[in-house]
Engineer: 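Can you keep this structure in mind? I'll have questions shortly.
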Amino acid sequence: MIIIGIESTAHTFGIGIVKDGKILANTHRSYTTEKGGIIPLEAAKHHNQIKDDVYIESLKQSKIKESEIDAIAFSQGPGLAPCLLEGMRFAKELSAKLKVPLVPVNHCVAHLEIGKITGTRNPVMLYVSGANTQIIAYESGKYRIFGETLDIGVGNFIDNFARYAGIGFPGGAEIEKLARKSEKYIELPYKVKGMDIALSGILTNLRQKIESKKYSLNELAYSMQETVFAMLVETAERALAHTGKKELLLGGGVGCNKKLQEMCKIMCNERGAKFFCPENSLLVDNGAMIAFLGEIMFEKGIKFSHKELDKIDIKPRQRTDNVDVLWKN
Ligand code: ATP
Ligand code: FE2
């Protein structure tokens with residue numbers, strides 16, 4: 001079967017095409033800024049303008065014809081409402097036009113399920129993206145959240161830090177580059193509570209340090225990564241110990257960071273666990289992961305006919321542990 005996946009929870013409008021678990025296409029365009037953060041309505045406008053191009057590109061990449069599509073999956077939530085609406089509208093139009101079923105997919109669970117492509121079977125997942133920072137593992141019918149950020153997501157935290165430093169959105173990759181230029185550690189607050197972390201106090205501290213002009217940006221970027229990634233790795237290790245699982249999977253855009261990957265690998269080696277990390281194009285928001293999970297759900301009968309589209313709506317605040325994982329077992 002051939003399924004297309006539409007991703008539009010935040011800055012990225014992506015379309016992926018999957019055939020029997022194999023990714024045939026994964027295309028996207030992202031909303032970025034030179035300065036300042038994401039404006040939801042602007043991002044939604046961006047998605048509306050480029051959606052047809054991304055779709056045509058995905059068909060080209062996959063070498064399939066529109067008429068071969070058997071189902072449409074889309075990101076139902078969580079995310080920014082105006083952006084989610086653009087994706088859902090596009091998905092519904094396509095479903096009605098092609099007369100094929102629609103599969104609403106949880107974005108966070110899709111980040112997790114696509115990780116299976118690396119060969120991991122029963123991992124603890126460190127899910128680090130813009131809005132979300134969670135330590136998730138499957139236990140009796142649901143993906144349970146063992147730990148999470150108590151305030152802001154680590155990607156948003158890094159993007160805010162970058163914004164204070166005059167860097168545009170998203171700032172993660174640029175901060176990683178700057179961090180590589182320093183090895184001078186400047187003390188920052190370290191906030192771990194059991195398997196949860198808190199980031200807003202560190203952000204305030206970093207902002208004050210930038211404003212004081214006493215430190216170079218390279219030093220601050222380096223120290224931020226050392227501190228915050230150590231917090232993430234510490235909580236992930238605690239979750240491995242608590243659940244007795246032997247595999248760690250990284251997911252979400254911040255997972256592209258080589259330093260974080262290296263620290264996860266070291267921790268796993270030290271405790272005899274195995275580390276798994278998909279390629280960057282599957283770590284960031286992407287349509288392929290939506291199609292991938294959509295296909296699994298479709299095959300278990302979780303789908304809506306093109307005649308019942310008005311039963312489906314976006315779920316901007318849907319939580320990972322509220323999703324019934326009916327497709328497993
Ligand atoms: P979600 O909706 O899942 O919460 P998201 O929509 O923000 O996430 P992702 O594409 O998963 O999207 O992640 C984007 C985040 O990843 C941004 O905050 C960006 O700064 C960060 N990021 C990307 N590359 C790097 C990197 N090399 N180092 C650190 N952070 C990075
Ligand atoms: Fe995401």
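One-based numbering along the sequence shown. Atoms within a ligand are numbered from 1 in the order they appear, just like the ligands themselves.
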Engineer: Does NE2 belonging to H242 count more than 12 external heavy atoms closer than 6.0 Å?
Structural biologist: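 No - once you tally the heavy atoms of other residues, nucleotides and ligands closer than 6.0 Å, there are 12 at most.
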Engineer: Pair K265, E262 - check salt bridge (Lys or Arg N to Asp or Glu O under 4.0 Å), show working.
Structural biologist: CA-CA 5 Å; K265 221 177 284 168; E262 188 189 308; over 6 Å; no
Engineer: For residues 123-137, which side-chain donor-acceptor pairs fall under 3.5 Å, sequence neighbours excluded?
Structural biologist:
{"unit_1": "Y127", "atom_1": "OH", "unit_2": "N132", "atom_2": "ND2", "d": "3.3"}
{"unit_1": "S129", "atom_1": "OG", "unit_2": "N132", "atom_2": "N", "d": "3.4"}
{"unit_1": "S129", "atom_1": "OG", "unit_2": "N132", "atom_2": "O", "d": "3.4"}
{"unit_1": "T133", "atom_1": "OG1", "unit_2": "V154", "atom_2": "N", "d": "2.7"}
{"unit_1": "Q134", "atom_1": "OE1", "unit_2": "T320", "atom_2": "OG1", "d": "3.0"}

Engineer: Checking side-chain polar atoms at under 3.5 Å, does D285 have a donor or acceptor matched by the opposite partner on T12?
Structural biologist: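 D285 vs T12: no donor-acceptor pair found between side chains.
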Engineer: Would you call the rings of H47 and F13 parallel, tilted or perpendicular, where under 30° means parallel and over 60° means perpendicular?
Structural biologist: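 It falls in the tilted class, 30° to 60°.
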Engineer: Just by distance, no angles: are the side chains of Y222 and E176 close enough, under 3.5 Å, to form a donor-acceptor pair?
Structural biologist: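 No, no side-chain donor-acceptor contact under 3.5 Å.
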Engineer: Cation over ring, K259 on F229, under 6.0 Å and within 45°?
Structural biologist: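 Because its charged atom misses either the 6.0 Å distance or the 45° angle limit, K259 does not stack over F229.
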Engineer: Ignoring hydrogens and angles, state whether a donor on the side chain of E7 or S75 is under 3.5 Å from an acceptor on the partner side chain.
Structural biologist: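 Per modelled atom types, E7 and S75 side chains form a pair under 3.5 Å.
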Engineer: Are there any N/O pairs under 3.5 Å between ligand 1 and the protein, and if so, what are their distances?
Structural biologist:
{"unit_1": "ligand 1", "atom_1": "2 (O)", "unit_2": "H107", "atom_2": "NE2", "d": "3.4"}
{"unit_1": "ligand 1", "atom_1": "3 (O)", "unit_2": "H107", "atom_2": "NE2", "d": "2.9"}
{"unit_1": "ligand 1", "atom_1": "3 (O)", "unit_2": "H111", "atom_2": "NE2", "d": "3.4"}
{"unit_1": "ligand 1", "atom_1": "3 (O)", "unit_2": "Y127", "atom_2": "OH", "d": "2.6"}
{"unit_1": "ligand 1", "atom_1": "3 (O)", "unit_2": "S129", "atom_2": "OG", "d": "2.9"}
{"unit_1": "ligand 1", "atom_1": "4 (O)", "unit_2": "S129", "atom_2": "OG", "d": "2.6"}
{"unit_1": "ligand 1", "atom_1": "4 (O)", "unit_2": "A131", "atom_2": "N", "d": "2.9"}
{"unit_1": "ligand 1", "atom_1": "4 (O)", "unit_2": "N132", "atom_2": "N", "d": "3.2"}
{"unit_1": "ligand 1", "atom_1": "4 (O)", "unit_2": "N132", "atom_2": "ND2", "d": "2.8"}
{"unit_1": "ligand 1", "atom_1": "6 (O)", "unit_2": "H11", "atom_2": "NE2", "d": "3.4"}
{"unit_1": "ligand 1", "atom_1": "6 (O)", "unit_2": "D285", "atom_2": "OD2", "d": "2.4"}
{"unit_1": "ligand 1", "atom_1": "7 (O)", "unit_2": "H11", "atom_2": "NE2", "d": "3.3"}
{"unit_1": "ligand 1", "atom_1": "7 (O)", "unit_2": "G130", "atom_2": "N", "d": "3.1"}
{"unit_1": "ligand 1", "atom_1": "8 (O)", "unit_2": "S129", "atom_2": "OG", "d": "3.2"}
{"unit_1": "ligand 1", "atom_1": "8 (O)", "unit_2": "G130", "atom_2": "N", "d": "3.3"}
{"unit_1": "ligand 1", "atom_1": "10 (O)", "unit_2": "D285", "atom_2": "N", "d": "2.9"}
{"unit_1": "ligand 1", "atom_1": "11 (O)", "unit_2": "G253", "atom_2": "N", "d": "2.9"}
{"unit_1": "ligand 1", "atom_1": "11 (O)", "unit_2": "D285", "atom_2": "OD1", "d": "3.2"}
{"unit_1": "ligand 1", "atom_1": "12 (O)", "unit_2": "H11", "atom_2": "NE2", "d": "3.1"}
{"unit_1": "ligand 1", "atom_1": "12 (O)", "unit_2": "D285", "atom_2": "OD1", "d": "3.2"}
{"unit_1": "ligand 1", "atom_1": "12 (O)", "unit_2": "D285", "atom_2": "OD2", "d": "3.1"}
{"unit_1": "ligand 1", "atom_1": "13 (O)", "unit_2": "G253", "atom_2": "N", "d": "3.4"}
{"unit_1": "ligand 1", "atom_1": "16 (O)", "unit_2": "V254", "atom_2": "N", "d": "3.4"}
{"unit_1": "ligand 1", "atom_1": "18 (O)", "unit_2": "G155", "atom_2": "O", "d": "3.3"}
{"unit_1": "ligand 1", "atom_1": "18 (O)", "unit_2": "D159", "atom_2": "OD1", "d": "3.4"}
{"unit_1": "ligand 1", "atom_1": "18 (O)", "unit_2": "D159", "atom_2": "OD2", "d": "2.6"}
{"unit_1": "ligand 1", "atom_1": "20 (O)", "unit_2": "D159", "atom_2": "OD1", "d": "2.7"}
{"unit_1": "ligand 1", "atom_1": "20 (O)", "unit_2": "G172", "atom_2": "N", "d": "3.0"}
{"unit_1": "ligand 1", "atom_1": "27 (N)", "unit_2": "E176", "atom_2": "OE1", "d": "2.8"}
{"unit_1": "ligand 1", "atom_1": "28 (N)", "unit_2": "G172", "atom_2": "O", "d": "3.4"}
{"unit_1": "ligand 1", "atom_1": "28 (N)", "unit_2": "N257", "atom_2": "ND2", "d": "3.0"}

Engineer: What protein N/O/S atoms are found closer than 2.8 Å to the Fe ion (ligand 2)?
Structural biologist: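 Near the Fe ion (ligand 2), below 2.8 Å, one finds H107 NE2, H111 NE2, D285 OD1.
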Engineer: Side-chain polar contacts of residues 164-173 - donor-acceptor pairs under 3.5 angstrom, sequence neighbours left out - could you list them?
Structural biologist:
{"unit_1": "Y164", "atom_1": "OH", "unit_2": "R207", "atom_2": "NH1", "d": "3.3"}

